[in-house]
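If you're wondering where the values come from, they're calculated on a predicted model, not measured in any experiment. First the proteins, then the strands, lettered A, B, ... as listed; each starts at 1.
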Amino acid sequence: MWKSPKSLLLAAAVATVSIGAAQAQDIAAGEKVFAKCKACHMVGENAKNRVGPILNGIVGRAAGTVDGFKYSPAMAKAGADGLLWDEANLSGYLRDPKGFLKGNKMAFAGLKKDEEVVDVIAYLESFDADGKPATPAKQSQAPAGAAAAVTTADAAGPSRETTGSVTEAAGLKLGLGRTATPEEIAAWDTDVRPDGEGLPEGSGTVAHGMEIYDERCASCHGDFGEAIGRWPVLAGGQGTLQAERPEKTIGSYWPYLSTVFDYVHRAMPFGDARSLSNDDVYALTAYLLYLNDIVDDESFELSKENFTSIRLPNEDNFFDDDRDEEPFYADKSEPCMTDCKPGAPEITMHAAVLDVTPEDGGEENASGGGID
Amino acid sequence: MTTNAGASRRAILKGGLIGAAALAGGATASRAGASESLITEIQDWNRYPGDGVDARPYGKPSEFEAHVVRKNVPWLTSDAISSVNFTPLHELDGIITPSGLCFERHHAGIAEIEPANHRLMIHGLVERPLVFTMADLKRFPRENKVYFLECAANTGMEWRGAQLNGCQFTHGMIHCLMYTGVRLKHLLDEAGVKTEGKWLLAEGADASGMTRSIPLDKALDDCMVAFGMNGEALRPEQGYPIRLVVPGWEGNMWVKWLRRLEIGDQPWQHREETSKYTDLMANGKARRFTFEMDVKSVITNPSPQAPILHGRGPLVLSGLAWSGKGRISRVDVSMDGGRNWTTARLDGPSLPKALHRFYHEFDWDGSDLFLQSRAIDEHGFVQPTKDQLRSVRGANSIYHNNGIQTWHVNSDGVIENVEVS
């Protein structure tokens, strides 16, 4: 191992200077890139040497100098010869580990994009040599991993008393897990049923719903619920369920309004789920009723109180699974083995006619059904 | 198989007119009498050492298998974050799908969850609502089970006729794994389900908050909460750290990143069981709660992405069969579009609600073939034809298309997805 006080000082200087330059978004992006490194390398206060050495304080560090890590002879020698992990060297190494230093043992093909290299270095720079945030100012951008691990460690074990005996017969309790608190259940249990169970207090008008919709929904679902591209169509389609191309919308197909409330509340807007208040969701649901001509008054207000009085037009057109009664399933006789059809087979439909198989280069002309 | 051969196959698929035999020439053994330099000359790998044991701490397939990957069909959905890719069935054998090739279907991308930060809650109509950590779950008795998972929309693009040229795309929303986990019944017993409980709501921790209602009888029967697949932890895209396993039932119910189980007295009628995963019939009415996956099979080799490159002579036909009701008892294959059938050979373990592998070896004389396979399960359910399905359901069901698939093989060994009279 090779250590030089001079280069350690230099390392500190390099780190200090470059931290100022690193942007928060680079650090965040770098944390994602670091997912590729995580299998072998650790950073942070609890970091240990794994397949690869600890990376705390790597930027500016002399190569091959982490205590207790067994480097390849090539890396140890490069460090002894003065290789310093400044940004330039680190960039070269991360792009092409094998090409940069022959004989080193990092089994990684290299980062292909320059952006990834810059970001991951910014992320690594956000840790000091002890794995602490490099400066107090960076604390808010510090990786979630370290902080989260601390908070969860206490809660990890079961807090209920273990009753001990191992079950063989089903139904015997092991005493594992702990009682869920009312606050925890309330935080996760947002589901709503057709009978109104689960609806929160609140209300919202069509007019308010339109404002929210235009701002947060129209970019994918279109100004009138007609949808952009292949994003879901929300309105229209009434009378098309027997057509060649049915349009299945809230108004034409969905059986229950509660589904709209539940889904918008849990999963919308796409990319920022669970960001709408209960009143917002009532308002949006009211506006979707309006877009589907189920209510026609912009001042209509949907609330917990009047919610279940509203029925969607297609509710009665659903029936339970009866596939087993279909003639080809109900008939349990032995299938035909010889001369089952007359004449030679004739092709009635070619896949090549549509040519939408990705490998064939066909796209954008889908005429078949989607996967929904 | 080299990447060049893969490219050749694509050329064949695209051109359709080039003789497969000519292209295949380089890949087959040389003519009698001529010596191959591969044998007479010393090769690099025969002289120089390769990577040592530290080079590949987590082993990956050979670089020559780089073409064996999951593929997306970009036009199907608006965004890859809420989309699907397909298992390359034509490149696989046996009944277990390699972990990294299992098709993916996400509704809001892959949730990346550190196990220490994951919780599973059970509440609703139970004696005591509970929260489990991953450590808690691993203290319950475990089991290992092999099950297929098929998306209800698998083959859904083929309702209106042959559309996609390759079993990866027509049938690739399926995989079959060995799961390690805890019987769901053990967890529900721990909370104590009240007698009025009839349904269970399963919810995922991802940004789509995926939910499905599952009848309690099924939940107490063979469902599992799995943390392992094929002997290791679940892959992130398959729900790491835990997913629900609902054997024989449609894949959408196998909630990934499972965080919550609520017991109730009726179904919740959420988005994925009303606006989706309901099967629209020709008369405008729709079937709901079509949970079970029907008896089905497909010939994976030869198939459009795996044409016959070796010319006439001995040929191994191979495929997969499965049923959500249990074991496969028999698979028949036809060369003439369903006129005459021969029973194929089932090989490997026959496990309930798991993929079954079948083979049929024959001597190809170079004539046109219309290959079909027909599966029969242990309860006597026979895989129907697509026309039979359409005669009852119309063509707008999207889901549960288990009709018999036809591959047309021409005299060059080029194969196309067709429908026949």
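In this structure, a donor-acceptor pair under 3.5 Å is absent between the side chains of A/Arg245 and B/Asn396.
Residues B/Val126 and B/Pro129 share a closest heavy-atom pair of CG2-N, 3.8 Å. Nearest approach of B/Glu158 to B/Leu164, heavy atoms of both residues: OE2-N, 2.9 Å. When all heavy atoms are compared, the tightest approach of A/Ser219 to A/Ile228 is O-CG1, 3.4 Å. Residues A/Val192 and A/Ser258 approach most closely at CG1-CB, 3.8 Å, considering heavy atoms.
For B/Leu188, no part lies under 4.5 angstrom from a heavy atom of chain A. For A/Asp262, the part lying under 4.5 angstrom from a heavy atom of chain B is the side chain only. Only the side chain of B/Phe370 comes within less than 4.5 Å of a heavy atom in chain A; its backbone stays farther off. Proximity to chain A involves both the backbone and the side chain of B/Gln269, based on heavy atoms less than 4.5 angstrom apart. Within the 4.5 angstrom heavy-atom criterion, only backbone atoms of B/Ala282 (N, CA, C, O) approach chain A. For B/Ile122, no part lies near chain A; criterion is any non-hydrogen pair under 4.5 Å. Interface remark: A/Pro342 contributes backbone atoms only to the contact with chain B (heavy atom separation under 4.5 Å). Neither the backbone nor the side chain of B/Tyr58 comes within contact range of chain A; no heavy atoms are under 4.5 Å apart. Heavy atoms closer than 4.5 Å to chain A are found nowhere in B/Trp159, neither backbone nor side chain. For A/Glu334, the part sitting under 4.5 Å from any heavy atom of chain B is the side chain, from C-beta outward, and nothing else. In this structure, no portion of A/Val260 lies under 4.5 Å from any heavy atom of chain B. Using a 4.5 Å cut-off between heavy atoms, B/Val392 touches chain A through its side chain atoms alone. Heavy-atom distances place no part of A/Asp272 under 4.5 Å from chain B, backbone and side chain included. Contact of B/Glu273 with chain A is not made at all, since no heavy-atom distance falls under 4.5 Å. Proximity to chain A (any heavy atom under 4.5 Å) is restricted, for B/Ala191, to the backbone atoms N, CA, C and O. Looking at A/Tyr256, the atoms closer than 4.5 Å to chain B (heavy atoms on both sides) all sit in the side chain, from C-beta outward. At a 4.5 Å heavy-atom cutoff, the contact between A/Ala243 and chain B is made by backbone atoms alone. Interface remark: A/Trp231 contributes backbone and side-chain atoms alike to the contact with chain B (heavy atom separation under 4.5 Å). Within the 4.5 angstrom heavy-atom criterion, only side-chain atoms of A/Phe270, from C-beta onward, approach chain B.
With respect to A/Arg323 and B/Glu292, no salt bridge is recorded, no charged nitrogen being found less than 4.0 Å from a carboxylate O. Under a 4.0 Å N-O distance rule, the pair A/Asp189/B/Arg260 qualifies as a salt bridge. Between A/Lys173 and B/Glu127, no side-chain nitrogen of the basic residue sits less than 4.0 Å from a carboxylate oxygen of the acidic one, so the salt-bridge criterion is not met.
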Run the numbers on B/His270 and B/Ser275 for side chain to side chain contact (heavy atoms under 4.5 Å, CB included), then give the verdict.
CA-CA 8 Å; B/His270 279 181; B/Ser275 75; over 6 Å; no

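In terms of heavy-atom pairs under 4.5 Å with chain A, the best-connected choice from B/Gly109, B/Gly209, B/Ser421, B/Gly337 is B/Ser421. When the candidates A/Pro194, A/Ala273, A/Gly271, A/Gly198 are compared by the number of heavy-atom contacts under 4.5 Å with chain B, A/Pro194 comes out ahead. The greatest number of non-hydrogen atom pairs below 4.5 Å with chain A, out of B/Glu419, B/Arg374, B/Arg287, B/His408, is found for B/Arg287. Contacts with chain B were tallied for A/Gly343, A/Pro327, A/Gly229; A/Gly343 has the most, counting heavy-atom pairs under 4.5 Å. Between chain A and the residues B/Gly52, B/Ser208, B/Gly264, B/Pro384, the largest count of heavy-atom pairs under 4.5 Å involves B/Pro384. Interface check for chain A: of the options B/Arg271, B/Gln383, B/Arg339, the most heavy-atom pairs under 4.5 Å are formed by B/Arg339. Looking only at heavy-atom pairs under 4.5 Å with chain A, the residue among B/Thr406, B/Leu389, B/Thr343, B/Leu137 that has the most is B/Leu389. The candidate with the highest count of non-hydrogen atom pairs below 4.5 Å against chain B, out of A/Tyr263, A/Phe328, A/Phe319, A/Trp254, is A/Phe319. Most heavy-atom pairs under 4.5 Å with chain A, from the set B/Gln388, B/His379, B/His123, B/Gln266: that is B/Gln266.
Below 30°, between 30° and 60°, or above 60°: for B/Phe291 and B/Trp199 the angle between ring planes is above 60°, a perpendicular geometry.
Distance check: B/Tyr277 OH to B/His400 NE2 gives 9.5 Å after rounding to the nearest 0.5 Å.
Relative to the six-membered ring of B/Phe381, B/Lys325 meets both conditions, a distance below 6.0 Å and an angle of at most 45° to the axis.
The salt bridge (charged side-chain N to carboxylate O under 4.0 Å, His left out) search around B/Arg393 returns A/Glu326, not counting sequence neighbours.
In this structure a side-chain-to-backbone donor-acceptor pair under 3.5 Å is present from B/Asn165 to B/Asn417. In terms of modelled atom types and a separation under 3.5 Å, the side chain of B/Asp206 and the main chain of B/His107 share no donor-acceptor contact.
Proximity of the aromatic rings of A/Tyr253 and A/Phe318 is defined here by a centroid distance below 6.0 angstrom, and this criterion is met.
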